[in-house]
Amino acid sequence: MVLDDLGSSLRGTLDKLRGKSRISEEDVDEIVKEIQRSLLQADVDVSLVMDLSDSIKERSLEEEPPGGTSARDHVLRIVYEELVGLVGDSTEIPLESQTIMLAGLQGSGKTTTAAKMAWWFSKKGLRPAVIQTDTFRPGAYDQAKQMADRAEVEFYGDPDADDPVQIARDGLEATADADVHIVDTAGRHALEDDLISEIEEIESVVEPDRSLLVLDAAIGQGAKDQARQFDDSIGIDGVAITKLDGTAKGGGALTAVDETGSTIAFLGSGETVQDIERFEPDSFISRLLG
Ligand code: GDP
């Protein structure tokens, strides 16, 4: 990771260490404060920030820099390693046949993400299909179909049906020729019991290879409860963060990652089907600190 990616104020603080061979507690405190400020501003949970701070402080002061390493490079390496530990690796998404189910609250960006992921898989040479099971939100069918058309991928939905479990079953059958099945589910405004029981039923029919939780980048404290509930009901293997084209930096999603023991799979940054990228730790760290 190049130092440029760390954000200008942190870089400035680290640069003060230039020429020093030993690092003082004061130096480390200043660096840690800088990182804390950025991470908290990016909505990273306080306790995660505190854990990270403690590790950076402890390691910077206790670990001996390898021979020839300056104090600045030593701390920089530790800061980087700890940040990578915080954001985690990218969720493994093999380029092979699979079924992926999306879960999340209404408005989080599931339908959009389903189409984006389908587009992404099609660009990787696979044949994806989107199955829309959202019978709850008016307009969900039309929106999903329109986006799947734009992504030029197969689509299944039934605007006249009202049983999402049946739609999921029929959808898998109707798109049996596809390699990758992406099953979009209905959200709710809040975590309601009927949402959880519905998604559990869909999950038992779909038997997904992986289930992704879709979270709006602006999510703050709410991430924890959502992640817990969805993980308990269907098991969350990865997170997709949407709306990163806005001002929110998506640090709240790290709470969900921590809570579910999962990783981040995809990032969404716009309303069109191409606005998707795989999560990549270095650039996400830069975004958090920038
Ligand atoms: P769902 O209820 O979870 O299926 O959410 P939708 O996919 O319908 O998304 C809700 C709104 O957020 C829609 O207006 C989308 O166009 C918008 N949206 C989704 N993802 C993004 C994104 O990455 N960036 C922006 N700017 N808007 C997004």
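Just so you know, these numbers use all the heavy atoms, side chains as well, and skip hydrogens, waters and symmetry mates. Numbering starts at 1 and runs along the sequence shown. Ligands are counted one by one from 1 in listed order, and the atoms in each one are counted from 1 as well.
Here's the thing with D184: none of its N/O atoms is less than 3.5 angstrom from an N/O atom of ligand 1. For the pair Q143 and ligand 1, the shortest N or O to N or O distance falls below 3.5 Å. Between L244 and ligand 1, no N or O atom pair is found at a separation short of 3.5 Å. Considering backbone and side-chain atoms alike, K110 places an N or O below 3.5 Å from some N or O of ligand 1.
Residues D194 and S197 bring no donor and acceptor atom of their side chains to less than 3.5 Å of each other. Between E201 and S204, the side chains place no donor N or O within less than 3.5 Å of an acceptor N or O (distance only, hydrogens not considered).
For F284 and F279, the ring centers sit closer than 6.0 Å to each other.
Looking at K116 against ligand 1, only its side chain comes within 4.0 Å, counting heavy atoms. Residue-level proximity to ligand 1 for L105 is carried by the backbone, the only part with a heavy atom below 4.0 angstrom. Contact annotation: for T111 versus ligand 1, heavy atoms closer than 4.0 Å belong to both the backbone and the side chain.
Sequence neighbours left out, the pairs with a member in residues 129-144 that pass side chain to side chain donor-acceptor pair (under 3.5 Å) are T111-R137, Q132-D184, R137-Q143.
Cation-pi geometry between R127 and F121 is not met: the NZ or CZ atom fails to fall both under 6.0 Å from the ring centre and inside 45° of the normal.
Less than 4.0 angstrom separates some heavy atom of D245 from each of these atoms of ligand 1: 22 (C), 23 (O), 24 (N), 25 (C), 26 (N). Within ligand 1, counting atoms from 1 as listed, the ones closer than 4.0 Å to a heavy atom of S269 are 23 (O).
Residue contacts with ligand 1 do not include G104, since none of its heavy atoms lies under 4.0 Å from the ligand. Within the structure, ligand 1 lacks D275 among the residues with a heavy atom less than 4.0 angstrom away. At least one heavy atom of G270 sits under 4.0 Å from some atom of ligand 1.
The residue from I131, I167, I234, T185 that alone fulfils the side-chain contact (heavy atoms from CB on, under 4.5 Å) condition with I202 is T185.
One finds the OG atom of S53 at 5.5 Å from the CE atom of M50 (value rounded to the nearest 0.5 Å).
The shortest heavy-atom contact between R72 and L14 is CD-O, 3.3 Å.
Nearest to atom 15 (C) of ligand 1 among the protein's heavy atoms is T112 OG1, 3.6 Å.
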